[in-house]
Amino acid sequence: EPEVTQTPSHQVTQMGQEVILRCVPISNHLYFYWYRQILGQKVEFLVSFYNNEISEKSEIFDDQFSVERPDGSNFTLKIRSTKLEDSAMYFCASNGRISTDTQYFGPGTRLTVL
Amino acid sequence: GDSVTQMEGPVTLSEEAFLTINCTYTATGYPSLFWYVQYPGEGLQLLLKATKADDKGSNKGFEATYRKETTSFHLEKGSVQVSDSAVYFCALSDRGQNFVFGPGTRLSVLP
């Protein structure tokens, strides 16, 4: 069964450094998403992406964040200058058609900012 | 805006006990409703879903019925196992847009 994959599984970085989290969505999917989950808290929407542009973003997704689909398979989330409060689990998700509704989630990348 | 409320737990049950995790929602449209499960150290897995009123989603012995009149989507299982220990998230999605998740309910099943 096709699945969403994410790398790395765990990223440790120093405060102020840039990080790039990578996701490979399911191959025929067109809509891509990033969510985050601070330890012990709820899953929060960050951004959705379709047709090579952001379609919606939350107030969490400020100028420090950016997303990109650099080739036909990868979907990346970049944090330009990490803060301690960026430490969280970051989930990528994808779905094929808006009307399908079901989003398939990757296993997540745990980001630890020291 | 849309929101999801669920009992936060933790919920601790003995093996073979009956499970109910309550979930209620508020939404302006007619959302699809989901239960996702997160096993320790893993990502989110779709457990079941329902896309319209009175639909029942089921999977692995879990069930939930979309109740529009009470805006609820309670998760039930007749006999839980130790392997069901996980965090369960209720979520809604309006026309496939970004998901809104509840806070999660941690379930621990003791042998």
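Chain letters run A, B, ... following the sequence lines, proteins first, then strands; residues in each count from 1.
Within a 6.0 Å sphere centred on CG of A/L114, other residues, nucleotides and ligands contribute more than 12 heavy atoms. By the 6.0 Å contact criterion, CD on B/E16 is open, its count of non-hydrogen atoms from other residues, nucleotides or ligands being 12 or less. Summarising the local packing, NZ of A/K83 is surrounded by more than 12 heavy atoms from other residues, nucleotides or ligands at distances under 6.0 Å. Surrounding CG of A/D63 are at most 12 heavy atoms belonging to other residues, nucleotides or ligands under 6.0 Å away. The number of heavy atoms from other shown groups lying within 6.0 Å of CZ (A/R69) is above 12.
Residue A/Q37 touches chain B through its side chain alone, counting heavy-atom pairs closer than 4.5 Å. Only the side chain of B/Q38 comes within less than 4.5 Å of a heavy atom in chain A; its backbone stays farther off. For B/L44, the parts sitting under 4.5 Å from any heavy atom of chain A are the backbone and the side chain alike.
In this structure, OG in B/S32 is found 11.0 Å from CD in A/Q103, a value given to the nearest 0.5 Å.
Between the side chain of A/Y35 and the backbone N or O of B/F99, at least one donor-acceptor pair lies under 3.5 Å.
For A/K57, the salt bridge (charged side-chain N to carboxylate O under 4.0 Å, His left out) test picks out no residue, with sequence neighbours left out.
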**OP:** For A/V43 and B/F89, run side-chain contact (heavy atoms from CB on, under 4.5 Å): C-alpha distance rounded to whole Å, both residues' side-chain angles, the deciding distance at 0.1 Å, then the answer.
**Re:** CA-CA 9 Å; A/V43 179; B/F89 292 92; 4.2 Å; yes
Subject >> Verdict with supporting geometry, A/Y104 and B/Q45, side-chain contact (heavy atoms from CB on, under 4.5 Å) >> reply: CA-CA 8 Å; A/Y104 294 90; B/Q45 298 178 26; over 6 Å; no
